[in-house]
Protein chains: 2
Amino acid sequence: MTLSTECMMAVMVTRAESAAVTRRALLDAAAELLDLGGPEAVTLREVGARAGVTRGAPYRHFAGKDSLLTAVVTEGWERIGDQVHALRTDPALSASEKLRGALRALIGVGRDQPHLYQMLFRRPGHRPEELGEGLDRVRRQLCGPAGDPAADRVRAAGRFQDEFLAIVAALVGERNTRHYGALLLSGAHGIADMELSGHLGTDRLRSTTDELVDTLVRMVGDAGETT
Amino acid sequence: MTLSTECMMAVMVTRAESAAVTRRALLDAAAELLDLGGPEAVTLREVGARAGVTRGAPYRHFAGKDSLLTAVVTEGWERIGDQVHALRTDPALSASEKLRGALRALIGVGRDQPHLYQMLFRRPGHRPEELGEGLDRVRRQLCGPAGDPAADRVRAAGRFQDEFLAIVAALVGERNTRHYGALLLSGAHGIADMELSGHLGTDRLRSTTDELVDTLVRMVGDAGETT
DNA sequence: GTAGCCAAGGTGACAACGTCATCTGAAACC
DNA sequence: GGTTTCAGATGACGTTGTCACCTTGGCTAC
């Protein structure tokens, strides 16, 4: 039955269409495996199998495993960017409600897709030993060829940051945006990652993520007013 | 020359001593490889080679690769715990100086040993999908047999937290310690991890880690006073 | 319409890895 | 002195990422 349906639906597909659907299936399979068991569980053989192709096929669409995972991470950043964009442009929300929502959205990704979340905050080539100028250098290095996985990922993360900083600017003013934006983002990420690593919610550190976010936003609001 | 020295020093070593020195060499080799290239670069074959044994030998001292890495992480937590202990008991420092020092020490580990740092904040069995009650559950599960790698790691992290929270308590009072302690630790970890992942120090988020720590401590100090 | 092109995908192979079963030799113990 | 025990060596197995090579079927130029 599945086969006959497949045959009927396979009638008249152009080559580009077929390649696009395979690429999409590879990305979906990789994202699913990532959610299930982390980067280690994403094997090109299993990805290929779930996408209905063999182990070598992914190399037609991605340079290798890293490249595939980077593409999955890029789509993760794009989704979060969309979420924050929706918050920022929602006329029914106050500035601090938008901020709280953005931070909670980030932490929510951590809770719903822990493995994906942890990959959001890994250097594209995952080489933390060379700190240098951070993503700016990566951006300059890779800005040229659009479609490059690492560059796409940096761009997607940058868009998220722009949306987020626009919300922060409305709260603490243009002049303090970069500083308090960095502090808020670091704080939210720290809260999310502490929860993921199991350090939160213990006997010693018993606060919930929501409580921590509320305190953080309140403190920044107070500090932003006085300056 | 090295060989003759070795021979001279190798005279009359008991079996337990030899085993201990091998275990030590394995840990050192694993830590070194971790610093150089991350967990992927820690192969049992290379660890064994650097420790002067073959690939199978590590299994005499550790259950497997995970167990070995967990032991390395445990020693990392112990070192940080010692650092914070030294800060806490230093009579020449004020409470806020101690706090700032502790946060900077944590971030310093991130800068000096990025790969080790990132493993400090990974679940012992690295299974972030089951959030549950966090480390408390792991602690209860594994509290029995001392010497168990995961239990040791949880204990070492717990000691660090105790030292840290003692500093926080002196600043915001006993009643707020858990909440603000969690916030400060999350904040510092977020700052460190954002720097490692290259998200800090970009055009959009240009603050330094020291600036962020200062603001964070100042805000918590203000909030702690008012309550 | 037909010949050639080209890219998606299949297949075999390779090295590296974690892990285990088995063997060996020497220290430890009675 | 014989036995036990355990650190370490060795061979083997399954899995993985990756590459070179091959096949096949749409696409394009004439």
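All values derive from a computational prediction rather than experimental measurement. Naming: A, B, ... by sequence-line order, numbering from 1 per chain.
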Do the side chains of B:F164 and B:L184 get nearer than 4.5 Å, heavy atoms only?
-> yes
Between B:D35 and B:Q113, is any pair of side-chain heavy atoms under 4.5 Å apart?
-> yes
From [options], nucleotide with atom closest to [X] side chain:
X: B:R45; options: C:dG18, C:dG10, D:dG17; answer: C:dG18
X: B:L44; options: C:dG10, C:dT19, D:dG8; answer: C:dT19
X: B:T14; options: D:dC27, C:dG10, C:dA28; answer: C:dA28
X: B:R60; options: D:dG8, C:dC17, D:dG17; answer: D:dG8
X: B:K65; options: C:dT19, D:dT10, D:dG17; answer: C:dT19

Which heavy atom in A:R88 sits nearest to a heavy atom in A:K98, and how many Å separate them?
->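 Reported closest heavy-atom pair: O-NZ, 2.8 Å.
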Provide the closest heavy-atom pair for B:Y117 versus B:L106 in the form atom of the first, atom of the second, distance.
->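 In this case the closest contact between B:Y117 and B:L106 is CE1-O, 3.5 Å.
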A:R55 vs A:H61, nearer the 5' end of DNA chain C by closest nucleotide = A:H61
Whether A:F121 and A:H189 hold their rings parallel, tilted or perpendicular, with breakpoints at 30° and 60° | parallel
I need the [atom1]-[atom2] distance between [X] and [N], as an integer number of Å.
X: B:D66; N: C:dC17; atom1: CG; atom2: P; value: 16 Å
X: A:Y59; N: C:dC14; atom1: OH; atom2: C1'; value: 13 Å
X: B:R23; N: D:dC6; atom1: CZ; atom2: C1'; value: 16 Å
X: A:F62; N: D:dT18; atom1: CZ; atom2: P; value: 13 Å
X: B:L33; N: C:dA16; atom1: CG; atom2: P; value: 16 Å

Reckon A:T43 touches a base, only the sugar-phosphate, or nothing at all at heavy-atom distances under 4.0 Å?
-> sugar-phosphate
Sugar-phosphate only, base, or nothing, as touched by B:V42 at under 4.0 Å among non-hydrogen atoms |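 Answer is sugar-phosphate: B:V42 comes under 4.0 Å of backbone atoms only.
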Does a side-chain N or O from A:T22 land closer than 4.0 Å to OP1 or OP2 of C:dG9, or not?
->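 Yes, A:T22 has a side-chain N/O under 4.0 Å of OP1/OP2 on C:dG9.
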